[in-house]
Participant: 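The structure under discussion is supplied below as structure tokens; questions concerning it will follow.
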Amino acid sequence: MTPNQLSEAIVAALRALVAAGSLELEVPSEVVVERPKNREHGDWATNVAMQLGAKAGLKPRDFAELLASELQKSAGIEKVEIAGPGFINLFVSDSAAGELAREIVTAGASFGRGVEYQGLKINLEFVSANPTGPIHLGGTRWAAVGDSLARVFEFVGAEVTREYYFNDHGAQIDRFARSLLAAAKNEPAPEDGYSGAYIQEIAARVLAETAEEILSLPDDQAQEKFRAAGVELMFQQIRESLHEFGVDFDVYFHENSLYESKAVERSIERLREMGHIFEEDGAIWLRSTAFGDDRDRVIIKSDGDAAYIAGDIAYYQDKRSRGFDRCIYMLGADHHGYVPRMMALCAAFGDKPGENMEILIGQMVNLVRGGEPVRMSKRAGTVVTMEDLVDVVGVDAARYALARSSINSSLDVDLEQLTKKTNDNPVFYVQYAHARTKQVAKNAVSLGVDDSEFDPALLSHEAEAELLANLSEFPRVVAQAAQFREPHRIARYIEVVAGSYHRWYDNCRVTPLGGQEVESVHRTRLWLNNAASIVLGNGLALLGVSAPERM
RNA sequence: GGCUUCGUAGCUCAGUGGAUAGAGCAACGGUUUCCUAAACCGUGUGUCGUAGGUUCGAUUCCUAUCGAGGCCA
């Protein structure tokens, strides 16, 4: 019995009451079924009587009485109680609750899958860090969260393209190229340029891997060589880091290609036809105020250079032309101010902001040392890259730590703490629970406990009821994680499952004690053990974290 | 000044229009002849930043305000 099934049973009971004429009501398609905090309040509880009582012209408790007597007839519901202002507390029979273990094992890796986003084509753009340096902690957070979100979307039926936008056009790239040139010539970095060991390395590699004597060229030509080769090397390094982090993008999109293909001109032309472009002071503008922006935006400056938004316009149009229903952008809080103009350009194309284009803003990652915030600065050598983090804590712990908090909160990362007390990390708690399920199953086989028998009524221990109830929530948690774009819900959920599994393990043996015979209860428990294994494994997979067989 | 995120236990953070608000860490104590002790059990702390409002019911929604971070001017 899952909460969804109970919700269906309640809806069916309401329909029956309406059909019988004892209730006048528009029956909703689903109702809230929750696990009460206090177990005396039943295995599950619903607040429908308080939600719908007034609509049906009844006092909540009277409504509850009526519904309760109808629910008594449902199979699997053992007892119905009415409490407080009109809560309906449901008690489920052990066999109906235990049946879930078989459902989960049968579904296997598919357990928890949904169809909510069936047929939806989603373009999920995340990280998109400039190729002027390695990926920092902030970008690493988006890599972990974004990839997990993509997995969640896929799990509920969506077709997801993971996309990375390389800003390889514009002033920042010019500064990067000048910095490489300066490094190659052993000159100090330009005032507004980039420094750091990676600049030296890349400059050295460009020199080593290029046949020509770049440094004997005039500066502007040499700088162009460094730009082309340096950006390419930076691309490679970023892709490699991401790959080692377990994140592989389907599309690495180069901003520069939008200019080379004249896509920028074409999209401006398109907007001009739609009447949203004007010229003033020698510049080309988008009339974004017509779509809720607080001022109009320059697309092409009076000197002929494109403003940053020019690429965004062409890029969005490109994504839509590739057939994506939803283009989701994950941006850092420092880009918050761009949201209105992005939404305006979406609307200018005649699309629906918030639907065809959706922007998720995530808060920053702070570096903390010994409880004190450390400002990340290249000069002070306190920049932490994705590679640094992985070196210190490993991919699993890094991804888990970054993906288990809401992106609405800024996140403090304390490297010393992560180094020193690796066991504090909840990822080990969850992984350990998973490894335990595997070892228990292995031992069961060698001791003659098999899955030839399944009698759900035997799963009657308190710890089994708790574990089953938690397992039953997985599909709903996945659906919510997708709906709210919050993959951290998966992490918090599997921590709860791991806890209830550990408690169950302590109380209920799958293999009999030495000398005792294998009984039905042992075989049945093997099903529950394997069900827990599946839910933990599926949850970890959605986070992109490995589910070890042993630890 | 405008926009925005956050404010919950000593620390790091979950959560929710419902019944007695949670977890991990940290502190103290306990559990192992037998499936993984990276586990389990027990002990305690909260004006859910503050003030109003909506509601049968608000920590959750709305408004104002204070504080912290971010972007913009």
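Each chain gets a letter, A, B and so on, in the order its sequence line appears, and its residues count up from 1.
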Participant: Any luck finding a side-chain donor-acceptor pair between A:N470 and A:S500 under 3.5 Å?
Facilitator: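 A:N470 vs A:S500: donor-acceptor pair found between side chains.
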Participant: Does RNA chain B take part in any stems of at least 3 consecutive Watson-Crick or G-U pairs (both distances under 3.5 Å), and if so, which ones?
Facilitator: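 Counting only runs of 3 or more consecutive pairs, the stems involving RNA chain B are B:1-7 with B:66-72, B:10-13 with B:22-25, B:27-31 with B:39-43, B:49-53 with B:61-65.
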Participant: State whether A:E549 and A:K442 are salt-bridged, where the test is any N-O pair (Lys NZ or Arg NE/NH1/NH2 against Asp/Glu carboxylate O) under 4.0 Å.
Facilitator: no
Participant: How far does the C1' atom of B:G15 sit from the matching atom of B:A21, given to the nearest Å?
Facilitator: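 Result for the C1' pair: 8 Å, nearest Å.
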Participant: Within the structure shown, what part of the strands sits under 4.0 Å from A:M364 by heavy-atom distance: base, sugar-phosphate, or nothing?
Facilitator: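 The residue A:M364 makes no contact with any strand.
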Participant: Using a 4.0 Å cut-off on heavy atoms, which residues in residues 487-507 of chain A reach RNA chain B? List them by number, or say none.
Facilitator: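 Heavy-atom contacts with RNA chain B come from A:H488, A:R489, A:R492, A:H502, A:R503, A:Y505, A:D506.
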Participant: Could you list all N or O pairs between the protein and nucleotides 5-7 of chain B that sit under 3.5 Å apart?
Facilitator:
{"from": "B:U5", "atom 1": "O4'", "to": "A:Q363", "atom 2": "NE2", "distance (Å)": "3.4"}
{"from": "B:U5", "atom 1": "O2'", "to": "A:N408", "atom 2": "O", "distance (Å)": "2.1"}

Participant: Quick check: does any side chain N or O of A:R141 sit under 3.5 Å from a backbone N or O of A:Q363, one acting as donor and the other as acceptor?
Facilitator: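 Judged by distance alone, yes, a pair lies under 3.5 Å.
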Participant: Would you call A:D294 and A:R297 a salt bridge, using N to O less than 4.0 angstrom?
Facilitator: yes
Participant: Using a heavy-atom cut-off of under 4.0 Å over every strand shown, decide if A:N47 touches base, sugar-phosphate, or nothing.
Facilitator: base
Participant: Quiz question: going by heavy-atom distance under 3.5 Å, is there a donor-acceptor pair between the base of B:A19 and the side chain of A:N89?
Facilitator: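 When only heavy-atom distances are counted, A:N89 does reach the base of B:A19 through a donor-acceptor pair under 3.5 Å.
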Participant: Distance check, P atoms only: B:C25 and B:A39, in whole angstrom units.
Facilitator: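 One P to the other, the span is 7 Å.
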Participant: Using the six-membered base ring of B:A19, report whether A:F87 stacks on it, requiring centroids under 5.5 Å and planes under 30° apart.
Facilitator: yes
Participant: Between B:G69 and B:U31, how far is it from one C1' atom to the other, in whole Å?
Facilitator: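 Nearest-Å result for B:G69 against B:U31 at atom C1': 45 Å.
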Participant: Testing the 3.5 Å rule here: is there a donor-acceptor pair between the side chains of A:Y338 and A:D312?
Facilitator: no
Participant: Taking the P atom in each of B:G42 and B:C3, what is the distance between them to the nearest angstrom?
Facilitator: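 Comparing P positions in B:G42 and B:C3 gives a spacing of 49 Å.
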Participant: Could you tell me whether A:N529 contacts a base, only the sugar-phosphate backbone, or nothing, with contacts defined as non-hydrogen atoms closer than 4.0 Å?
Facilitator: nothing
Participant: Distance check, P atoms only: B:C11 and B:A26, in whole angstrom units.
Facilitator: 16 Å
